[in-house]
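Read the structure below first, then the notes.
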Amino acid sequence: PVYERPLRLDSPTRLKFFGVDVAGNEEVPLSLSFVVDTVPPVTQASPAGGTFNASRTVYLFCDDGDGSGCASTYVSFAADASAPVPPYQRVSGSTGVVSSGVLRFYSVDAVGHAGPVQSVTFLIDRTKPTVSVAPRGGTFFTPQTVTLSCADTGGSNCAHIYYSVDGSWPSSFSLRYTQPFTLSTDTLLRFYAVDGVNNSSEDMYEQYVFKLDTTAPTTVAHPAGGLF
């Protein structure tokens with residue numbers, strides 16, 4: 001076709017053209033590529049949120065498909081998801097998360113289209129759980145039912161309690177506490193707890209000594225009967 005008016009391009013196009021003068025001389029054909037980008041980029045985070053026991057590096061991947069290409073990525077971090085969104089900061093491919101909160105992010109392509117804001121939530125739990133036992137160790141004259149308890153304030157919640165009754169320090173391969181158990185012989189009980197991100201409590205121990213009394217008592221009356 002002969003050029004008569006400006007062309008409208010609605011999709012990626014390679015345009016080839018050349019001019020001819022009135023004497024019929026043709027110039028060398030030229031070729032230009034046009035990228036028509038109407039779709040904003042999409043950004044994904046890795047890891048996409050979660051619960052961890054240490055700071056995390058979050059990698060942000062921008063995808064603009066067949067468009068003009070990703071130009072920049074912006075992030076905003078807030079400890080409180082319901083608080084006003086802090087100003088966005090430009091980053092280059094990744095950002096660090098050092099505390100619990102919500103990470104928001106988006107990208108802009110080369111023609112200025114801003115992608116949708118995405119958000120991921122992180123819980124950073126560096127707090128050790130605590131573990132306790134009832135009853136505490138001591139000397140007993142009857143068998144004792146022992147209960148182990150875990151408390152966690154870091155947010156990931158208690159996961160397991162491990163214990164041993166042979167005096168060795170327990171590990172994740174040791175007995176796992178599921179319900180109260182009974183002790184009736186001298187025992188060195190050692191135990192510890194782990195939370196949902198594998199923070200370990202302090203190693204604890206209690207010594208139980210048993211002096212079981214199986215002899216019935218005798219009773220003596222005084223005076224032992226008689227005439228009075």
Side-chain angles (χ1 to χ4, degrees), residues 45-59 77-83 86 94-104 119-224:
S46 179
T51 303
F52 306 94
N53 62 6
S55 302
R56 302 292 295 183
T57 297
V58 181
Y59 296 93
F77 185 83
D80 184 355
S82 62
S94 66
T95 187
V97 173
V98 300
S99 60
S100 299
V102 177
L103 178 68
R104 297 179 175 90
S119 66
V120 290
T121 301
F122 288 87
L123 173 62
I124 308 298
D125 178 4
R126 298 184 179 90
T127 304
K128 295 180 178 180
T130 58
V131 63
S132 59
V133 62
R136 299 283 302 273
T139 300
F140 303 92
F141 296 93
T142 59
Q144 296 294 302
T145 298
V146 177
T147 301
L148 300 176
S149 301
C150 174
D152 181 67
T153 60
S156 62
N157 299 321
C158 294
H160 303 295
I161 300 174
Y162 297 97
Y163 70 98
S164 68
V165 293
D166 61 2
S168 64
W169 286 110
S171 69
S172 59
F173 298 103
S174 301
L175 297 170
R176 189 170 72 184
Y177 177 79
T178 57
Q179 61 185 10
F181 54 90
T182 300
L183 297 179
S184 59
T185 60
D186 292 357
T187 302
L188 176 58
L189 174 67
R190 298 182 187 271
F191 53 97
Y192 77 100
V194 293
D195 64 15
V197 291
N198 212 36
N199 291 315
S200 296
S201 70
E202 300 295 334
D203 292 319
M204 307 294 289
Y205 69 92
E206 294 286 346
Q207 179 74 56
Y208 295 83
V209 177
F210 290 88
K211 295 182 179 180
L212 299 182
D213 183 356
T214 60
T215 303
T218 57
T219 304
V220 177
H222 183 79

Verify, without hydrogens or angle tests, whether [X] (side chain) and [Y] (backbone) share a donor-acceptor contact under 3.5 angstrom.
X	Y	answer
Asp125	Ser156	yes
Asn53	Val197	yes
Ser82	Asp80	no
Gln144	Thr182	no
Asn199	Lys128	no
Ser100	Ile124	yes
Ser201	Ala193	yes
Arg190	Gly167	yes
Tyr208	Pro135	yes
Asp186	Phe210	yes

To the nearest 0.5 Å, tell me how far [X] [atom1] sits from [Y] [atom2].
X	Y	atom1	atom2	result
Thr130	Asp152	OG1	CG	8.0 Å
Thr139	Gln207	OG1	CD	9.0 Å
Leu148	Arg176	CG	CZ	13.5 Å
Thr95	Tyr59	OG1	OH	11.5 Å
Leu189	Arg136	CG	CZ	11.5 Å

Could you pull out the closest heavy-atom pair between [X] and [Y], with the gap in Å?
X	Y	answer
Val131	Glu202	CG1-O, 4.2 Å
Thr57	Pro47	O-CD, 3.7 Å
Thr127	Asp195	O-OD2, 3.3 Å
Gly137	Glu206	N-OE1, 3.0 Å
Asp166	Ser168	OD1-OG, 2.6 Å

Side-chain contact test, heavy atoms from C-beta onward, threshold under 4.5 Å: evaluate it for [X] versus [Y] and give yes or no.
X	Y	result
Tyr192	Pro170	yes
Phe173	Tyr162	no
Tyr177	Cys150	no
Tyr163	Val146	no

Criterion side chain to side chain contact (heavy atoms under 4.5 Å, CB included) on Val58 and Phe77, from CA distance to verdict: CA-CA 12 Å; Val58 181; Phe77 185 83; over 6 Å; no
Other residues, nucleotides, ligands: >12 heavy atoms within 6.0 Å of Tyr205 OH: no
Test log, rule side-chain hydrogen bond (donor to acceptor under 3.5 Å, both in side chains), inputs Ser55 and Arg126: CA-CA 9 Å; Ser55 302; Arg126 298 184 179 90; 2.8 Å; yes
